[in-house]
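Encoded as structure tokens, the structure appears first; notes follow it.
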Amino acid sequence: MAKTKHLENQSVISNVDWLSIFLYTCLVLFGWMNIYSASLPLETTSIFDLGQIYGKQLLFIGISIPVIIVILSLDAKVYEKYSLIYYAIGILLLMGLFVFGKTIKGQTNWYQFGGISMQPSEFAKIGTALLLAKYISENQNGFQTIKEQVIAMGIIFLPVLFIMMQPDTGSAMIFAVLFLVLYREGFPAWYLWTGFMAVLLFVLALLIQPVVLLILILLGCIIHFYFNKSIRRNPFVYGILAVIMAGFVFSVDYVFENVLEPHHKDRINVLIGEDVDLKKEGYNLNQSMIAIGSGGWIGKGFLEGTQTKGGFVPEQHTDYIFTTVGEEWGFAGSIAVVAFFITLILRIVYLSEKQKNNFARIYGYCVAAILFMHFFVNISMLIGIFPTIGVPLPFFSYGGSSLIAFTIMLFIFLKLDANKVNEW
């Protein structure tokens, strides 16, 4: 038995994807360097000072090492076999926030035990990805029935429900990217297009007068109806769809004014270019763009960022960590970081395509999708093409929950990938 275990460990070491580990290591270490720069006090202390943010992040990196060893040492089958348990634990942790959670800035999304904090929504993504992969791999019928579609959506929406109640819009929105995985596995495309059109219409309704937008929609419907023969066979259904779209357009103004929180409205106004106070709601975006732009082509140099040292960018060590990259490492450094992220994500997709096991393949897609969503949203909100919603940059932003959760998520997949040569 011991000999078999030894051979399995040797197999993992020899088959694990070292390129992914190299990219992960580079991102984590470079992320720490930027956290160090963004949080360095006037009087320099030891890098191991746990009273400083960079010292705490170094501790989280240290904790990640034994976590990686445990993940790679466990039998690969436990991740599929107990996926429902992992998912249930994530849901219970989210529910427990309403009793034991700590409220910070109006959001109850943290547990705090002494000096230790944990954000369960980060870990809920892992359980959701595992259970979704297991369910899809066991139901390879292409989501032909409503029941299959509802169960798949339910797996995604249940944690979203509890996260929205915290409320944490940013974390909840990340789960939406899992619909791309469903689509890849045969989910009806109209769900995806419906969601896309709803978002597009919402934004257009804020930019264009509802009556004008409605006229444009009706013209589009008439043209589509005229040229699409299949639609002509069901004009009644098409008419109902047009009425629903019209009702949605006229409801946007009410939702914006009466349903959204003030800070949500401020962030949307910043996004669509409405007049905003650069000392209030527009401050974060304005300062982040100044910091990134001031770096030029090659940056001001490590620890030399004036915006960073002056503390002009709020939360620069967390959601706005990329502004430190832009200021101190310039366009060249920013492109390098983007290239590392894209390479890692594409590498995960490539490895997923090579999987012999459906569960490992689908889980890999989930990991790639979640990493991409975090990366895309975080960078986009810093340059003004997405609202500021508090989404960390994977492996880069300060935070134990974020770093350890992303580490677990990635290395579970690397374990599954290393095990593909073995029998399932």
Checklist entry - Can you check side chain to side chain contact (heavy atoms under 4.5 Å, CB included) on M373 and F175, steps first, answer last? => result CA-CA 9 Å; M373 191 67 166; F175 286 79; over 6 Å; no
Checklist outcome for this item: Here the gap from I151 atom CD1 to I136 atom CD1, rounded to the nearest 0.5 Å, amounts to 12.0 Å
Next on the checklist: So, using salt bridge (Lys or Arg N to Asp or Glu O under 4.0 Å) as the criterion, who are the partners of E328 when residues are at least two apart?
Outcome noted: none
Checklist entry - Quick check: does any side chain N or O of N378 sit under 3.5 Å from a backbone N or O of D319, one acting as donor and the other as acceptor? => result yes
Next on the checklist: As a quick check of understanding, evaluate side chain to side chain contact (heavy atoms under 4.5 Å, CB included) for L180 and F187, giving each step before the final call.
Outcome noted: CA-CA 9 Å; L180 292 178; F187 206 70; over 6 Å; no
Checklist entry - Is F100 atom CZ crowded by more than 12 heavy atoms from other residues, nucleotides or ligands, each under 6.0 Å away? => result no
Checklist entry - Is the shortest distance from a Lys or Arg side-chain nitrogen in E353 or R347 to a carboxylate oxygen in the other one below 4.0 Å? => result no
Checklist entry - Which value, rounded to the nearest 0.5 Å, describes the distance between N419 atom CG and K356 atom NZ? => result 10.5 Å
Next on the checklist: Set out, in order, the CA-CA distance, both residues' side-chain angles and the distance that settles side chain to side chain contact (heavy atoms under 4.5 Å, CB included) for R184 and I362, then state yes or no.
Outcome noted: CA-CA 9 Å; R184 169 64 178 79; I362 298 167; over 6 Å; no
Checklist entry - With distance as the sole test, does T323 use its side chain to make a donor-acceptor pair with the main-chain N or O of S288 at under 3.5 Å? => result no
Next on the checklist: Test your reading of the model: is there a side-chain donor-acceptor pair from Y111 to the backbone of L93, 3.5 Å cut-off?
Outcome noted: yes
Next on the checklist: Nearest 0.5 angstrom please: K300 NZ to W329 CH2, how far?
Outcome noted: 15.0 Å
Checklist outcome for this item: For Y54 and S39 the tightest heavy-atom approach is CD2-OG, 3.4 Å
Checklist outcome for this item: Between the CD1 atom in I379 and the OG atom in S334, the distance rounded to the nearest 0.5 Å is 8.0 Å
Checklist entry - Nearest heavy-atom pair of V28 and L403: which atoms, and what distance? => result CG2-CD1, 4.0 Å
Checklist outcome for this item: Scanning both residues in full, the closest heavy-atom pair of E148 with Y135 reads CA-OH, 3.2 Å
Next on the checklist: I need the full list of ring pair (Phe, Tyr, Trp, His ring centres under 6.0 Å) pairs touching residues 65-89, with sequence neighbours left out, sorted by first then second residue.
Outcome noted: none
Checklist entry - Does atom CZ of F331 have more than 12 heavy-atom neighbours from other groups under 6.0 Å away? => result no
Item to check | Check: Y36 ring centroid to W32 ring centroid under 6.0 Å | outcome: yes
Item to check | Minimal non-hydrogen separation, P188 against Q149, with atom names | outcome: CG-NE2, 3.5 Å
Checklist entry - Centroid-to-centroid, H374 to F406, below 6.0 Å? => result yes
Checklist entry - Aromatic rings F372 and F376: how do their planes relate, parallel, tilted or perpendicular, breaks at 30° and 60°? => result parallel
Next on the checklist: Centroid separation under 6.0 Å, is that true for the rings of Y24 and F395?
Outcome noted: yes
Checklist entry - If you count the non-hydrogen atoms of other residues, nucleotides and ligands that lie under 6.0 Å from CZ in F48, is the total more than 12? => result no
Checklist entry - Is a side-chain N or O of S397 found less than 3.5 angstrom from the main chain of P392, in a donor-acceptor match? => result no
Item to check | Crowding at OH, Y183 (>12 non-hydrogen neighbours, <6.0 Å) | outcome: no
Next on the checklist: Any side-chain to backbone donor/acceptor pair from S171 onto D168? Under 3.5 Å, distance only.
Outcome noted: no
Checklist entry - Are any side-chain N or O atoms of K134 and backbone N or O atoms of L84, one a donor and one an acceptor, separated by less than 3.5 Å? => result no
Checklist entry - Nearest 0.5 Å, what's the CH2-CG distance between W18 and L414? => result 10.0 Å
Checklist entry - Under the side-chain hydrogen bond (donor to acceptor under 3.5 Å, both in side chains) criterion, do T103 and T108 qualify, and how do the steps go? => result CA-CA 4 Å; T103 301; T108 309; 2.8 Å; yes
Checklist entry - So, F340 versus F30, ring centres under 6.0 angstrom or not? => result no
Checklist entry - Within the side chain of S402, is there an N or O that forms a donor-acceptor pair under 3.5 Å with the backbone of G399? => result no
Next on the checklist: For the CE atom of M409 and the CD1 atom of I71, what is their distance to the nearest 0.5 Å?
Outcome noted: 11.0 Å
